Amino acid sequence: MTELLPPLSSLTLFPSRSMSYNAGVFIRDRQAVLVDPGLFPDEVDRIRAHIYAQAAAPTRIVLTHSHWDHVLGPEYFPGVPVVQQQESVAVLAEFGIHIEHQVTEWERQSRVPRDMPFLMPQPDETFTDRLKIALGDKTIELLHAPGHAPEQLVVYDRAEATLWAADMLSDIEIPFVMHSLRAYRQTLERLAQLDVSVLVPGHGRPAASCADVRARFDADRAYLAELQHRVEAALAAGQGAAETVAACAGMNYSNRDQNEGPHRLNVETAFIELGGTAEPGHAGWNRFQ
Ligand SMILES: [Zn+2]
């Protein structure tokens with residue numbers, strides 16, 4: 001449990017030893033809602049032990065999106081309904097086998113010991129824009145939040161002003177615009193209206209004050225606005241993908257060493273989305289890389 005969350009919070013974090021990944025559990029009145037409950041089997045065991053130590057029962061598993069690192073864990077909770085955003089049905093139909101392969105490849109390379117085979121989760125319950133889930137005497141909300149992935153959702157605990165931000169608003173990653181720049185910007189505008197004092201990204205450290213939360217929104221909104229502005233200017237000037245990448249190389253963003261590759265892919269993806277033509281070697285994000 002991270003010390004950054006308020007002590008009486010319904011939410012407990014389970015940071016993984018890999019990829020700064022976060023899993024989470026909301027518990028209230030002996031009911032537990034799990035969020036992205038990965039990664040390693042021993043880490044899932046820890047989540048399960050925590051739930052049972054509180055004499056709680058898992059009522060739902062929420063998967064924020066279908067990237068391979070966010071679909072691990074449900075196989076350890078058989079019979080517990082999996083909830084995803086509606087778009088995940090089409091995503092899984094098209095890419096499910098590929099995602100499953102990514103999981104098994106990661107397990108092989110990381111020598112993950114497994115006493116139970118990985119099963120690609122399928123949603124038992126879906127929603128379009130918003131879903132309220134009962135959790136003891138209160139509700140938590142799932143909100144569709146496309147941009148990083150078309151099926152991405154976030155989890156909002158209104159009573160505790162806590163936002164589980166999925167793969168957005170990280171302190172270590174810039175926005176990975178793997179789906180749509182326009183959708184990503186709209187999602188951030190929508191979420192910025194919420195009252196949030198604790199924010200948990202899918203990868204990275206939580207932001208645990210309103211000022212920290214605001215700073216993360218501001219940084220990512222500014223980055224995406226400048227990205228769109230520069231790419232549109234390059235397109236208006238008739239530049240190609242390679243020239244547009246060069247025109248965006250000087251943009252300001254954090255952790256440059258780590259984020260340089262994702263930034264380039266963002267530029268290429270935005271270039272295509274905003275009307276440019278893909279060039280060899282400049283095709284942007286592969287949705288499941
Ligand atoms: Zn992702």
Side-chain angles (χ1 to χ4, degrees), residues 13-16 18-24 34-40 43 61-74 82-92 94-107 110 118 120-121 123 126 142-156 163-188 191 199-206 216 220 223-224 227 253-255 258-259 261-266 268-270 273 284-289:
L13 281 196
F14 294 87
S16 172
S18 180
M19 301 192 295
S20 303
Y21 179 89
N22 293 312
L34 291 68
V35 182
D36 292 352
L39 286 169
F40 293 90
E43 294 174 338
I61 298 172
V62 175
L63 300 182
T64 58
H65 60 303
S66 294
H67 288 158
W68 73 265
D69 49 334
H70 296 263
V71 296
L72 290 148
V82 170
V83 188
Q84 293 180 270
Q85 200 278 337
Q86 173 65 31
E87 294 284 333
S88 65
V89 175
V91 167
L92 291 172
E94 188 172 358
F95 299 104
I97 289 174
H98 181 61
I99 299 164
E100 203 166 344
H101 178 71
Q102 287 179 303
V103 171
T104 49
E105 191 55 23
W106 169 74
E107 293 191 333
S110 306
F118 172 70
M120 191 68 201
T126 61
L142 310 184
L143 309 172
H144 188 203
H148 170 68
E151 76 285 11
Q152 184 174 252
L153 63 83
V154 297
V155 186
Y156 184 48
L163 180 68
W164 188 282
D167 277 4
M168 294 184 293
L169 300 162
S170 169
D171 59 332
I172 52 176
E173 294 175 345
I174 58 171
F176 289 5
V177 190
M178 299 170 78
H179 161 225
S180 159
L181 174 60
R182 288 195 182 100
Y184 206 129
R185 293 189 69 193
Q186 283 170 7
T187 289
L188 286 187
L191 298 180
L199 180 148
V200 181
H203 302 264
R205 298 280 292 165
R216 290 207 193 178
D220 285 359
Y223 168 79
L224 295 173
L227 177 64
Y253 55 86
S254 63
N255 295 338
Q258 186 184 332
N259 287 318
H263 171 63
R264 183 178 59 79
L265 294 169
N266 285 345
E268 293 169 358
T269 301
E273 179 182 353
W285 287 100
N286 166 341
R287 286 251 307 274
F288 288 93
Q289 64 197 128

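First listed ligand is number 1; within each ligand, the first listed atom is number 1. All residue numbers refer to positions in the sequence shown, counting from 1. Keep in mind the model is a prediction, meaning the values are calculated, not measured.
Checked against side-chain contact (heavy atoms from CB on, under 4.5 Å), Ala23 has the following partners two or more places apart in sequence or in another chain: Phe14, Tyr21, Ile47. Checked against ring pair (Phe, Tyr, Trp, His ring centres under 6.0 Å), Phe40 has the following partners two or more places apart in sequence or in another chain: Trp106. Not a single ring pair (Phe, Tyr, Trp, His ring centres under 6.0 Å) links Tyr184 to another residue, sequence neighbours left out.
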Take Asp167 and His70 through the side-chain hydrogen bond (donor to acceptor under 3.5 Å, both in side chains) test and state the conclusion after the steps. CA-CA 10 Å; Asp167 277 4; His70 296 263; 3.2 Å; yes
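Here Leu142 contributes atom CG and Gln84 contributes atom CD; the two are 11.0 Å apart, rounded to the nearest 0.5 Å. To the nearest 0.5 Å, atoms CG (Leu265) and CE (Met178) are separated by 8.5 Å.
The Zn ion (ligand 1) has His65 NE2, His67 ND1, His148 NE2, Asp167 OD2 as its protein N, O or S neighbours under 2.8 Å.
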